[in-house]
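All values derive from a computational prediction rather than experimental measurement. A note on names: the letters A, B, ... follow the listed sequences, proteins ahead of strands, and every chain is numbered from 1.
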Number of protein chains: 2
Amino acid sequence: MSNKTTTKDVSLEIKEIQESGLRVTEPRKKILHIFESNEDQHFTADMIYSELKKQGENVGFATVYRVLTQFEEAGLLVRHNFDSGHAVFELKKKCHHDHLVCISCGKIIEFLDDSIEARQCKVAKDAGFEVTSHSLTIFGYCSECRGNTK
Amino acid sequence: MSNKTTTKDVSLEIKEIQESGLRVTEPRKKILHIFESNEDQHFTADMIYSELKKQGENVGFATVYRVLTQFEEAGLLVRHNFDSGHAVFELKKKCHHDHLVCISCGKIIEFLDDSIEARQCKVAKDAGFEVTSHSLTIFGYCSECRGNTK
DNA sequence: CCGATTATAAAAATAGTTATCATTATTAAT
DNA sequence: ATTAATAATGATAACTATTTTTATAATCGG
Ligand SMILES: [Mn+2]
Ligand SMILES: [Mn+2]
Ligand SMILES: [Zn+2]
Ligand SMILES: [Zn+2]
């Protein structure tokens with residue numbers, strides 16, 4: 001009647017944390033689980049904190065920020081700084097992508113355009129830059145929100 | 001022997017401020033002048049504040065932030081949020097452009113690639129988005145800084 | 001199971017920015 | 001030019017997102 005969480009799905013997350021060289025702790029398991037069980041979703045620290053609260057967990061805000069940063073450094077998560085002032089995190093995908101962000105409802109759509117990627121390299125090369133990363137975000141109204149404004 | 005500042009160049013700035021519907025005040029004249037006399041440069045609130053201090057002006061930090069925001073709303077300046085946490089302002093150009101940012105020395109190079117702009121429209125259209133704006137920033141090492149790291 | 005090590009929660013600190021407010025400056029109307 | 005109405009200013013406090021500190025607690029190899 002122990003409360004060990006040894007479910008199959010959870011054991012995968014434990015392995016991922018271990019392989020990143022981090023100790024397996026409750027907050028880290030819980031936080032990673034939120035990402036893994038909501039694939040393709042983007043979360044702010046605040047959203048993660050609220051979700052944990054909703055699940056009845058007692059995890060401090062500082063811990064959320066710390067773990068998110070550790071997961072980013074470990075290569076489990078990617079951080080985006082869009083425009084809103086608060087960072088957004090998502091599971092690291094195999095492949096890079098950029099984002100369309102609805103300024104009305106906040107919906108995020110991912111895309112990858114090879115032509116844009118290639119031109120970016122060319123632009124940087126022409127300017128003598130060695131590219132380390134780039135960030136392309138298109139803001140606008142999604143199909144749903146567009147209807148509301150006519 | 002009055003200290004009226006009725007120089008030719010300054011009168012242009014006065015007109016610009018008036019035409020934005022804002023009162024012509026010393027801080028606003030001084031701040032706009034910094035931008036106009038350093039065309040193509042990008043400034044943070046902090047840089048503007050320091051520059052004013054260096055010129056012996058006594059302008060509060062709050063005023064700098066207020067004026068920058070007002071100039072942005074008036075369409076005189078454009079605000080960028082790059083990645084660093086602090087906003088960067090520049091004179092509003094006639095034409096849109098994107099940025100290459102050196103993560104070592106902070107140098108900013110502007111560029112405009114029609115092919116990228118066009119593809120962005122297509123991507124958004126395909127996703128059913130009505131674009132309001134976009135932000136593309138390429139981070140890396142500029143030609144000078146690249147040399148230092150070999 | 002133990003103990004060295006590392007992680008945690010809570011609180012305080014920080015950075016960038018915005019709001020408050022009493023005082024001063026600008027502007028439009030005398 | 002004076003005046004009155006109104007808006008802007010600087011000092012400072014407040015705020016938001018995030019990081020650091022600290023004292024306690026959990027982890028994990030042996
Ligand atoms: Mn994404
Ligand atoms: Mn620019
Ligand atoms: Zn929407
Ligand atoms: Zn550089």
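We find that CZ of R23(A) is positioned 6 Å from P of dT6(C), with the value rounded to whole Å. Residue R79(A) contributes atom CZ, which lies 7 Å from atom P of dT18(D) at whole-angstrom precision. The distance from atom CZ of F61(B) to atom P of dT18(C) is 12 Å, rounded to the nearest whole Å. Note: CD (E26(A)) to P (dT27(D)) measures 6 Å, nearest angstrom. Taking atom NZ of residue K29(B) and atom P of nucleotide dT27(C), one finds them 9 Å apart after rounding to whole Å. Q70(B) has its CD atom 12 Å from the P atom of dT18(C), to the nearest Å. A straight line from NE2 of H80(B) to P of dT17(C) spans 14 Å, rounded to a whole angstrom. Rounding to whole angstrom units, CD of residue Q18(B) and P of dA8(D) are separated by 14 Å.
Nearest to the side-chain atoms of H86(A) among the listed nucleotides dT9(D), dT18(D), dT8(C) stands dT18(D). Taking only side-chain atoms of R66(B), from C-beta outward, the nucleotide of dT18(D), dA11(C), dT20(C) with the closest atom is dT20(C).
Taking side-chain N and O atoms only, Y65(A) has no distance below 4.0 Å to OP1 or OP2 of dT19(D). Contact between the side-chain N/O atoms of T25(A) and the OP1/OP2 oxygens of dA26(D) is not found at any separation under 4.0 Å. Contact check, R28(A) against dA7(C): a side-chain N or O comes under 4.0 Å of OP1 or OP2. Applying the 4.0 Å criterion to OP1 and OP2 of dA8(D), one finds that T63(B) has every side-chain N and O outside that range.
Annotation: F61(B) is in aromatic contact with Y49(B) [ring centroid separation under 6.0 Å].
Classification of the F82(B)-H42(B) ring pair by plane angle, with boundaries at 30° and 60°, yields tilted. Aromatic ring orientation, H97(A) versus H80(A): tilted (interplanar angle from 30° to 60°).
Looking at which nucleotide of DNA chain C each of G60(A) and A62(B) is closest to, the 5′-most match is held by G60(A).
Heavy atoms of D46(A) sit nowhere under 4.0 angstrom from any nucleic acid atom.
Residues K107(B) and E144(B) are paired through a salt bridge, judged by an N-O separation under 4.0 Å between the basic side chain and the carboxylate. With respect to E57(B) and K54(B), no salt bridge is recorded, no charged nitrogen being found less than 4.0 Å from a carboxylate O.
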